[in-house]
Amino acid sequence: MVKIFILVLNFNGSDSTIELFSSLKKLKIPKGAIIENIIVDNGSEEKHVEKIKSFLPKVILLETHKNLGFAGGNNFGIKYAIEKGADFIVVLNNDTRVGSNLVKNLYETFKTDEKIAGVLPKIYFEKGYEFHKKRYKDTDLGKVIWYAGGVMDWDNLIGHNRGVDEVDKGQYNKQEEIELATGCCFMLKAAVIKEVGMFNDKYFLYYEDADLTERIKNAGYKIIYEPSAFMWHKNAESSGGSGSLLQDYYITRNRMLFGMTYAPLRTKIALLRESLRTILHGREWQKMGIRDFYLRKFGKGSYPI
């Protein structure tokens, strides 16, 4: 029997987590598999923990008792899943809603090639969470793409979600190997995680999925986009929205860490020059991110969470 563990990280987001589980209850279970749902509470206020216990009493709840970030919190759950004999692990954001075929269609994709280490679905914006709300007709809502595979711009070290802001008209309905995964929903083969390692705790939040992507690819494995599996995402709900101070800090610091680890030499040189400009002219928490990179202050760092 194949064991599939779904890991949902919760940080002061009990309402979203409970809403997500309403859709997880409708998941179709792959033939020959069992699904275990795990909530990892990442140091939430007690009221959120108690609410989850009250509304989801049968779901396994693991408590970290402090905020370990996206990387550390998910690693806490991944360790548990591997100890319990997981064959596959689905890292899933709590600010999402899933289609009933999500796990079944992700799982079936692994059977097509033994070198596949991870599979990702098509992800839509949840209704009302689009970047450009006035752009769309009412009939478009729920069909606006957030992720249809990812691409890394190696010159600027910025990851791009393919198809973002486009209304789905079938233009990304081809299964294919992709360059960049997203931690929003990432189904992983446990054996590969044992080989290449889990998320890097240094990142805490942002770019940890890009780092894991590179380690998987560098080990000779593939990451696949599977459009027949789909879900919806409440974009940036847990981080205060796009352009927040939290994003200023972690994206700035972690972009430096990722770039100086994986980028080609000319990009590293450009990144170092850019970091000096940021120190002089950047926003407050961007400057702090650059400072902490050079001080090697990783993990949670200086941001007050």
Side-chain angles (χ1 to χ4, degrees), residues 68-75 91 93 117-118 120 146-147 149-162 164 177-184 186 188 192-193 195-223 225 235-236 238-240 242-303 305:
L68 302 178
F70 183 91
N74 276 302
N75 285 347
V91 174
N93 273 20
L120 294 100
W146 183 79
Y147 177 91
V151 178
M152 177 59 69
D153 176 351
W154 286 103
D155 289 331
N156 297 293
L157 292 173
I158 298 174
H160 296 284
N161 290 359
R162 191 178 61 160
V164 66
E177 188 172 355
I178 54 173
E179 185 180 10
L180 179 64
T182 172
C184 181
F186 195 0
L188 293 153
V192 175
I193 293 301
E195 179 182 340
V196 306
M198 299 178 288
F199 291 110
N200 187 336
D201 288 343
K202 286 184 177 181
Y203 288 89
F204 194 79
L205 179 66
Y206 296 117
Y207 278 86
E208 71 290 306
D209 45 10
D211 173 86
L212 181 56
T213 295
E214 290 306 303
R215 284 187 281 125
I216 289 172
K217 292 190 302 182
N218 289 343
Y221 295 101
K222 299 176 182 179
I223 298 174
Y225 161 69
N235 179 62
S238 61
S239 59
S242 299
S244 66
L245 299 181
L246 177 147
Q247 288 189 345
D248 269 0
Y249 176 72
Y250 287 110
I251 288 177
T252 301
R253 186 196 68 181
N254 293 349
R255 180 168 165 264
M256 290 290 298
L257 175 59
F258 178 80
M260 297 309 291
T261 304
Y262 298 106
L265 179 59
R266 63 185 181 85
T267 302
K268 288 179 179 177
I269 293 171
L271 192 60
L272 291 172
R273 291 171 177 166
E274 181 186 332
S275 72
L276 298 178
R277 292 195 296 271
T278 302
I279 286 289
L280 294 173
H281 305 294
R283 295 187 292 272
E284 177 185 1
W285 281 102
Q286 290 177 323
K287 293 179 180 180
M288 190 67 75
I290 295 296
R291 188 205 70 168
D292 281 2
F293 168 77
Y294 284 113
L295 292 176
R296 317 308 289 170
K297 192 172 183 178
F298 298 118
K300 179 177 176 294
S302 298
Y303 194 80
I305 294 180

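The list of salt bridge (charged side-chain N to carboxylate O under 4.0 Å, His left out) pairs with a residue in residues 266-278, not counting sequence neighbours, reads D155-R266, R255-E274.
The aromatic rings of Y250 and F204 sit parallel, their planes meeting at an angle under 30°, below the 60° perpendicular limit.
By the ring pair (Phe, Tyr, Trp, His ring centres under 6.0 Å) test, Y262 is found to be paired with F258, residues two or more places apart in sequence or in another chain being considered.
With hydrogens and angles disregarded, a donor-acceptor distance shorter than 3.5 Å links the side chain of K217 to the backbone of E179. In this structure a side-chain-to-backbone donor-acceptor pair under 3.5 Å is present from R215 to M198.
Between T267 and N156, every side-chain heavy-atom pair lies at or beyond the 4.5 Å cut-off. Proximity of Y147 to I178: side-chain heavy atoms (C-beta onward) are separated by under 4.5 Å at one or more points. A 4.5 Å side-chain heavy-atom check between M152 and L180 finds at least one atom pair inside the cut-off. Residues R291 and M288 meet the side-chain proximity criterion, which asks for heavy atoms closer than 4.5 Å. Under the 4.5 Å side-chain criterion, counting only non-hydrogen atoms from C-beta, I216 is in contact with L188.
Remark: L280 CG to I290 CD1 distance equals 11.0 Å, nearest 0.5 Å. From N254, atom CG reaches atom CG of D211 across 9.5 Å, with rounding to the nearest 0.5 Å.
In this structure, a donor-acceptor pair under 3.5 Å is absent between the side chains of R283 and T278. A donor-acceptor contact closer than 3.5 angstrom is absent between the side chains of E177 and Y225. Defined by atom type and a distance below 3.5 Å, a donor-acceptor pair is present between the side-chain atoms of Q247 and Y206.
When all heavy atoms of G259 and L157 are compared, the closest pair comes out as CA-CD1, 3.4 Å. In this structure, G301 and Y249 approach most closely via the heavy-atom pair CA-OH, 3.3 Å. Contact detail for A71 and N200: the closest heavy-atom pair is CB-O, 3.5 Å. Contact between W154 and P264 at its shortest, heavy atoms only, is CE3-CD, 4.3 Å.
Side-chain rings of F199 and F70 approach one another, their centers coming within less than 6.0 Å.
The residues D292 and R253 are annotated as not salt-bridged, no charged nitrogen and carboxylate oxygen being separated by less than 4.0 angstrom.
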Worked verdict on D248 versus E284 for side chain to side chain contact (heavy atoms under 4.5 Å, CB included) | CA-CA 8 Å; D248 269 0; E284 177 185 1; over 6 Å; no

Could you check L245 against Y303 for side chain to side chain contact (heavy atoms under 4.5 Å, CB included), going step by step and ending with a plain yes or no?
-> CA-CA 9 Å; L245 299 181; Y303 194 80; 3.8 Å; yes

Just do the side chain to side chain contact (heavy atoms under 4.5 Å, CB included) check on L246 and L205 with the steps written out, would you?
-> CA-CA 9 Å; L246 177 147; L205 179 66; 3.2 Å; yes

Candidate pair W146 and T182, rule side chain to side chain contact (heavy atoms under 4.5 Å, CB included), full reasoning | CA-CA 11 Å; W146 183 79; T182 172; 3.6 Å; yes

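With Y207 as the partner, the side chain to side chain contact (heavy atoms under 4.5 Å, CB included) test is satisfied by one option alone out of I251, L212, T213, T261: I251.
Remark: R296 qualifies as a cation-pi partner of F293 under the 6.0 Å distance and 45° angle criteria applied to the six-membered ring.
Surrounding NZ of K300 are more than 12 heavy atoms belonging to other residues, nucleotides or ligands, all under 6.0 Å away.
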